[in-house]
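One structure below.
Ligands are counted one by one from 1 in listed order, and the atoms in each one are counted from 1 as well. Computed from a predicted structure; not experimentally measured.
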Amino acid sequence: MNFDLTEEQIAIRDAARDFAETEIAPTSVERDLTSEFPTEIVKKLGELGFMGMMVSPEWSGAGMDTLSYVLAIEEISKVDASVGVIMSVNNSLVCYGLEKWGSEYLKEKYLKPLASGKMLGAFCLSEPEAGSDATQQRTEAVPEGDHYILNGMKNWITNGTQADVYFLQAMTDKSKGYKGISTFIVEKNSPGIEVGKKEDKMGIRSSDTCTLGLNNVKVPKENILGEEGIGFKIAMSTLNGGRIGVAAQALGIARASFEASVKYSKQRKAFDSTISNLQAIQFKLADMATSVEAASLLVYRAAKNKDEGKPYIKEASMGKLLASKAAVDCSLEAIQVHGGYGYVREYLVERYMRDSKITQIYEGTSEIQKLVIARELLKG
Ligand code: COS
C-alpha cells in the first residue's frame with residue numbers, strides 16, 4: 001500500500017502542526033491544570049476548516065479525505081490530546097453521521113454550522129447501564145403529536161457542557177431490542193435537558209465530559225435521523241469511523257512520547273556521556289519507534305480503505321487497538337527515560353501518560369476492538 005502523501009495532505013498536516021505549535025501549545029499545560037475548555041482554540045479550528053474536515057463543501061465542510069483528517073488529528077494530539085478529542089467527536093461522529101443519514105432539512109439547519117465550527121456537537125450513546133453493551137439503551141423516545149418526548153440519562157459525553165447539539169440514541173420501541181433504537185438531533189437549550197457537572201478526569205482534562213439528564217424533552221419529529229429503528233446501525237457505523245479518529249489521537253500521543261524521549265536522551269548526561277549512548281535507553285527508543293511506525297501503518301491503512309470505499313471496520317479496530325497500546329506503552333517508557341523528571345509536571349511526559357489511557361477505553365475498549373476484529377475475521 002502506498003502511503004506517499006499528496007501535496008495537499010502534506011499542506012494540511014503542516015498547517016495542523018503549525019497551528020498546534022503556535023496556538024495550542026502555549027496554553028496546554030495551564031489548561032491541563034485548570035481543566036478549562038479551549039473555547040478560542042476550537043473557534044479558530046472551525047474557521048480553518050478543521051471541525052468539518054471530511055464534510056462536503058456543499059454543507060460548509062472542507063471536503064478533505066480521511067487520511068488528511070488523521071494527519072491533522074495526529075498533529076494536534078501530539079501537542080494536546082484534549083483538543084484532539086474535541087475535534088474528533090465533532091468531525092467523525094457528529095458531522096459524519098449527520099451527512100450520511102440526515103435529511104436536507106437537518107443538514108441545512110445543523111450540519112452547516114457544525115462543519116464550519118459555528119456550532120459544536122456531542123455524541124450521546126453511553127448510559128450508566130449501557131457502555132460496551134450499547135444495545136441496552138434505557139433512554140426512551142415516545143411519539144406525541146409532531147414531537148417525541150425523551151426521558152433518560154446519558155453519560156461520558158465528550159463536549160457535553162459545551163455542545164450546541166447532541167447526536168443522541170434513544171429507544172422508540174423497547175420490544176424490538178436494538179432494532180427499536182433511533183437517533184435524534186437534540187438541541188442543548190431544549191427545556192428538560194439537565195447538563196451534569198464536568199467529570200474530574202485523570203487525563204485529557206481540558207476536554208469536557210459530563211452526564212446528561214433528559215426530563216420530558218420535546219424533540220420535533222423531523223429531528224430523527226433516517227427512520228425509527230435504525231439508530232443502533234447508525235451509532236455502530238459512525239463509531240467505525242470515529243475509531244480511526246481516536247486511533248489518530250493515540251498516534252499523536254505515542255509520537256510525542258517518543259520524540260520527547262529522543263530529545264531528552266540526547267541532553268541528559270550520565271556515566272560520562274549522554275544517556276542516548278546507553279544500550280538500555282537505545283532499546284527503549286527502538287521499541288517506541290517500532291510501535292509508533294506499526295500503529296501508523298495500520299491507522300493510515302484504515303483511513304485509506306475508508307477513502308477508497310473498501311471495508312474498514314476491522315482495519316479501524318486494529319488501528320485503534322495498536323495505536324492506543326502504543327500511546328500507553330510509549331508514554332510509560334518516556335517517563336522511564338526521563339527518570340524522576342518524567343514523574344513531575346515540569347516535563348510533559350507525565351501528561352502524555354495520563355492522556356493516553358482513555359484511548360484504550362472510549363469509542364470501544366480494547367477488548368471490544370478485539371471482539372470486532374474477531375467477528376470480522378470469522379465472518380462468512
Ligand atoms: N458496524 C456496523 N454495524 C454493526 C457493527 C459495526 N461495527 N457492529 C454491529 N453492527 C450491527 C450488526 O450488523 C447488527 O445489525 P443487523 O442485525 O441489522 O445485522 C446490529 O448492529 C447488532 O449487532 P450485534 O448482534 O453484533 O450486537 P452485539 O450486541 O452482539 O455487539 C458490539 C455489538 C459489542 C460490537 C457493540 O455493542 C459495540 O461496538 N459496543 C461498544 C460500544 C462503544 O463503542 N461504546 C462507546 C460509546 S462512544 S464513547
Side-chain angles (χ1 to χ4, degrees), residues 81-82 84-97 100-101 121-139 152-160 163 166-171 173-183 199 201 203-204 207-212 225-247 249-250 302 305-306 309-321 324 357-380:
S82 291
V85 73
I86 297 165
M87 258 177 89
S88 171
V89 165
N90 197 72
N91 273 280
S92 47
L93 296 183
V94 182
C95 286
Y96 173 82
K100 189 152 169 93
W101 287 279
F123 182 82
C124 309
L125 175 67
S126 296
E127 297 186 358
E129 286 168 85
S132 289
D133 189 0
T135 57
Q136 300 304 310
Q137 298 287 304
R138 298 230 170 136
T139 298
M153 170 74 87
K154 295 285 170 185
N155 68 346
W156 311 128
I157 307 306
T158 302
N159 295 346
Y166 302 119
F167 187 100
L168 187 142
Q169 334 293 324
M171 272 286 182
D173 189 345
K174 264 186 174 172
S175 68
K176 290 189 179 155
Y178 70 84
K179 291 199 166 150
I181 297 172
S182 306
T183 303
E199 302 289 352
K201 305 190 297 283
I204 55 163
S207 78
D208 161 56
T209 312
C210 70
T211 53
L212 208 64
L225 258 74
E227 62 205 55
E228 281 190 15
I230 62 164
F232 193 69
K233 200 93 188 162
I234 292 179
M236 289 300 109
S237 309
T238 304
L239 279 169
N240 294 331
R243 288 166 184 164
I244 300 178
V246 173
Q249 181 203 25
N305 275 18
K306 181 163 176 279
K310 294 178 183 161
Y312 65 92
I313 296 179
K314 172 169 77 14
E315 290 71 14
S317 285
M318 284 178 166
K320 181 177 184 287
L321 181 66
S324 58
K357 186 59 198 168
I358 191 62
T359 64
Q360 292 187 315
I361 298 172
Y362 59 20
E363 296 198 31
T365 60
S366 292
E367 291 74 15
I368 287 288
Q369 305 312 325
K370 288 183 191 178
L371 189 149
V372 171
I373 295 163
R375 284 184 184 187
E376 290 295 312
L377 290 173
L378 297 169
K379 247 184 192 170

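Counting only heavy atoms of the protein, atom 19 (O) of ligand 1 lies nearest to K233 NZ, 3.8 Å. For atom 45 (N) of ligand 1, the closest non-hydrogen atom of the protein is G131 O, 3.8 Å. Looking only at heavy atoms of the protein, atom 23 (O) of ligand 1 is closest to F232 CE2, 4.2 Å. What sits closest to atom 49 (S) of ligand 1 on the protein, heavy atoms only, is E363 N, 3.5 Å. In terms of protein heavy-atom proximity, atom 14 (C) of ligand 1 is closest to Y178 OH, 3.8 Å. Looking at atom 1 (N) of ligand 1, its nearest protein heavy atom turns out to be N240 ND2, 2.9 Å. When only non-hydrogen protein atoms are considered, atom 44 (O) of ligand 1 lies nearest to R243 NH2, 2.9 Å. For atom 30 (O) of ligand 1, the nearest non-hydrogen atom of the protein is R375 NH2, 2.9 Å.
Taking OH from Y166 and CD1 from I157, the interatomic distance works out to 8.5 Å, rounded to the nearest 0.5 Å. Interatomic distance, S132 OG to I361 CD1, rounded to the nearest 0.5 Å: 10.0 Å. Taken to the nearest 0.5 Å, the CZ atom of R375 stands 11.0 Å off from the OG atom of S317. Atom OG1 of T158 sits about 8.5 Å away from atom CG of L93, to the nearest 0.5 Å.
Of the N or O atoms in Y362, none lie within a sub-3.5 Å distance of an N or O in ligand 1. In terms of polar-atom proximity, S126 is not counted as a contact of ligand 1, lacking any N or O under 3.5 Å from an N or O of the ligand. Any N or O atom pair closer than 3.5 Å counts here, and T135 shares no such pair with ligand 1. Distances between N or O atoms of G364 and those of ligand 1 include at least one value under 3.5 Å.
Not one N or O on the side chain of K179 forms a donor-acceptor pair closer than 3.5 Å with the backbone of D173. At least one donor-acceptor pair closer than 3.5 Å links the side chain of K154 to the backbone N or O of L125. Although no hydrogens or angles enter the test, the distance criterion places a donor-acceptor pair under 3.5 Å between the side chain of N159 and the main chain of G121.
Within the 4.0 Å heavy-atom cutoff, W156 does not count among the residues contacting ligand 1. Ligand 1 has no atom lying under 4.0 Å from any heavy atom of S317.
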Throw together a table of side-chain donor-acceptor distances under 3.5 angstrom for residues 225-234, partners on residues two or more places apart or in other chains.
from	atom 1	to	atom 2	distance (Å)
E228	OE2	Y148	OH	2.6

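Atoms of ligand 1 found under 4.0 Å from any heavy atom of I368 (numbered from 1 in listed order, with element): 34 (C), 39 (O), 41 (C).
Tested against E129 for a side chain to side chain donor-acceptor pair (under 3.5 Å), the candidates Q137, Q136, R138 yield a single pass: R138.
Between atom 38 (C) of ligand 1 and the options E367, M236, E127, Q369, the minimum heavy-atom separation is to M236. Counting only non-hydrogen atoms, the option in G177, G229, S132 that gets closest to atom 40 (N) of ligand 1 is S132.
With a 4.5 Å cut-off on side-chain heavy atoms, K176 and I181 do not count as touching.
Remark: the T359 side chain and the Q249 side chain contain no N/O donor-acceptor pair separated by less than 3.5 Å.
Contacts between Q136 and ligand 1 below 4.0 angstrom, taking non-hydrogen atoms only, are absent altogether. Of the heavy atoms in T158, none comes closer than 4.0 Å to ligand 1.
Taking E376 as the reference, K379 meet the salt bridge (charged side-chain N to carboxylate O under 4.0 Å, His left out) condition, with sequence neighbours excluded.
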